[in-house]
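Chain letters run A, B, ... following the sequence lines, proteins first and then strands; every chain starts at 1.
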Protein chains: 2
Amino acid sequence: MKEQKKAPISKQTLNRMPAYFLYLKKLDFQEHQSISAAAIANDLNLNEIQVRKDLAAVSSSGGKPHKGFDICTLIEDIKAYLGYDDVNNAVIVGAGKLGQALLCYDGFSEYGLNILAAFDADPTVIHRSINSKYVYPMEKIPEICHLLNIQIGIITVPAAYAQLVCDQLVDSGIRAIWNFAPVLLNVPQKILVQNENMAVSLAILSKHLAVKLQEK
Amino acid sequence: MKEQKKAPISKQTLNRMPAYFLYLKKLDFQEHQSISAAAIANDLNLNEIQVRKDLAAVSSSGGKPHKGFDICTLIEDIKAYLGYDDVNNAVIVGAGKLGQALLCYDGFSEYGLNILAAFDADPTVIHRSINSKYVYPMEKIPEICHLLNIQIGIITVPAAYAQLVCDQLVDSGIRAIWNFAPVLLNVPQKILVQNENMAVSLAILSKHLAVKLQEK
DNA sequence: TAGATTGTTAATCGATTAACAATC
DNA sequence: TAGATTGTTAATCGATTAACAATC
């Protein structure tokens with residue numbers, strides 16, 4: 001087992017990895033065979049050495065001088081590294097428009113996310129299926145989560161209910177939360193909260209536009 | 001004008017700012033008057049000195065020894081800093097479930113985002129209003145964007161159409177793109193692309209769960 | 001006043017970039 | 001072989017943390 005001597009994971013590298021993943025898939029689709037770190041760096045506006053280091057950290061076979069990295073292999077390596085190969089079961093709480101959008105998007109399986117069911121408080125949306133996923137009433141959360149061995153709870157309820165829902169999910173044995181509500185959730189240490197933080201995106205956008213405007 | 005000597009913006013500080021913003025709004029709602037950097041750091045699991053520095057970078061009046069920062073003032077300072085006070089006009093391209101979810105969410109005005117219209121290719125969704133925002137056919141993009149002085153284009157179409165839509169938006173004079181499609185977009189240098197990168201979130205989640213699983 | 005809390009200057013840490021040797 | 005391209009070791013840069021003086 002040489003695996004153990006792999007470099008420790010850098011947060012920044014982890015953040016860049018999905019960009020490499022999307023980039024390589026596009027290339028693969030266009031039937032390229034291999035690609036150099038320099039070409040990737042150029043297309044993604046990154047530093048060449050940074051790309052080399054990032055790829056070296058995840059690549060199983062490494063790149064070949066003169067040729068670069070084999071695209072197919074690299075895609076597989078990144079998938080393995082990011083854990084996209086490990087399937088995690090999830091439920092969505094909140095079957096409003098956003099919840100339905102996520103329920104109907106079938107691309108998450110690509111990332112190992114397997115959404116099995118949804119929950120809602122609204123009697124007009126429960127007890128029916130959306131994209132073959134059944135919408136249960138809220139009180140079923142503990143039962144279904146335990147039954148289906150759910151790892152991830154996805155929160156798409158209005159901000160005011162998010163903490164309440166979060167507590168219920170935690171009590172039902174989930175281990176991570178993907179939070180779309182614009183609130184900060186309180187959770188026990190062992191639970192990971194990943195905020196799909198649209199406020200951050202908007203901050204970066206508006207900051208950027210404001211700065212550009214000033215320059216003129 | 002002493003404004004000019006403000007410290008240059010750190011990317012990390014910018015990323016943390018929305019968390020402070022949400023945190024402070026919650027406090028404000030609970031009718032607190034002021035708060036110390038230490039208390040914030042404790043609640044958000046951040047380093048105290050880091051919080052002091054972050055707040056010092058955006059605070060107009062600074063904190064007061066013994067009392068800390070005035071919450072209301074600080075919220076206003078952060079809003080000003082992040083550009084949430086500057087209103088940016090936006091359109092959504094893709095009025096499917098995700099697009100509709102964004103159209104129906106009225107909380108974006110809090111961040112200075114003003115969604116004025118939507119576009120779609122589907123004849124069954126166009127020529128009607130969703131949450132008082134009209135859905136136009138795709139060919140109206142240039143006309144409407146110029147007419148309404150649109151700064152930001154929000155892309156919520158399937159991955160396969162995202163680049164096409166992006167090109168149209170760029171040609172229609174928008175200055176920034178908020179991209180929800182899981183693809184990397186090619187744009188001219190002057191256009192900012194902000195990816196709402198669910199793949200990153202999923203990577204962090206699945207990586208984290210995989211690592212935890214290994215530990216056991 | 002004493003003490004809590006800020007803001008700033010200095011020290012440490014980690015990530016990026018540069019330089020260069022290794023290799024197909 | 002020569003040259004393109006990788007991987008690694010060293011240098012730089014920026015961000016975090018520590019130390020401490022300033023102040024209400």
message: My understanding is that only one of B/Leu164, B/Val165, B/Ile92 makes a side chain to side chain contact (heavy atoms under 4.5 Å, CB included) with B/Val157; could you say which?
response: B/Val165

query: Counting distance only, does the side-chain N/O of B/Gln194 pair as donor-acceptor with the main-chain N or O of B/Asn179 below 3.5 Å?
result: no

- prompt: Is the backbone N or O of B/Ser60 less than 3.5 Å from a side-chain atom of B/Asp77, with the two atoms forming a donor-acceptor pair by type?
  reply: yes

- request: Any ring pair (Phe, Tyr, Trp, His ring centres under 6.0 Å) involving residues 164-191 of chain B? Give me the pairs, sequence neighbours left out, ordered by first then second residue.
  value: B/Phe108-B/Trp178, B/Trp178-B/Phe180

Contact residues, residues 21-55 of chain A to DNA chain D [heavy atom, < 4.0 Å]: A/Ser36, A/Ala37, A/Arg52, A/Lys53

- prompt: Considering only heavy atoms, which members of residues 65-79 of chain B lie under 4.0 Å from some atom of DNA chain D?
  reply: B/Pro65

task: Tell me which of A/Arg16 and B/Gly63 sits closer to the 5' end of DNA chain C, going by the nucleotide each one is nearest to.
output: B/Gly63

- prompt: Is there a donor-acceptor pair closer than 3.5 Å between any side-chain N or O of B/Asn89 and the backbone N or O of B/Ile152?
  reply: no

- prompt: Is DNA chain D part of any stem, that is, at least 3 consecutive Watson-Crick or G-U pairs with both distances under 3.5 Å, and where?
  reply: C:3-24 with D:3-24

field: Side-chain donor or acceptor of B/His146 paired with backbone N/O of B/Pro142 under 3.5 Å
entry: yes

- prompt: What's the spacing between B/Leu184 CG and A/Tyr23 OH if we round to 0.5 Å?
  reply: 9.5 Å

field: Along DNA chain D, first and last positions that approach a heavy atom of chain A under 4.0 Å
entry: D/dG3 to D/dA10

Test item: A/Asn195 side-chain N/O and A/Asn197 main-chain N/O as donor-acceptor pair under 3.5 Å: no

Taking every non-hydrogen atom, the tightest pair across A/Asn47 and A/Ile49: OD1-N, 2.7 Å

query: Counting N and O atoms only, with roles assigned by atom type, does the side chain of B/Asp54 sit under 3.5 Å from a partner on the main chain of B/Thr13, one being a donor and the other an acceptor?
result: no

message: For the residue pair A/Asp106 / A/Asn131, report whether a side-chain donor-acceptor contact shorter than 3.5 Å exists.
response: yes

- request: Please collect all side chain to side chain donor-acceptor pair (under 3.5 Å) contacts where either partner lies in residues 147-157 of chain B, sequence neighbours excluded, each pair once.
  value: B/Asn149-B/Gln151, B/Gln151-B/Arg175

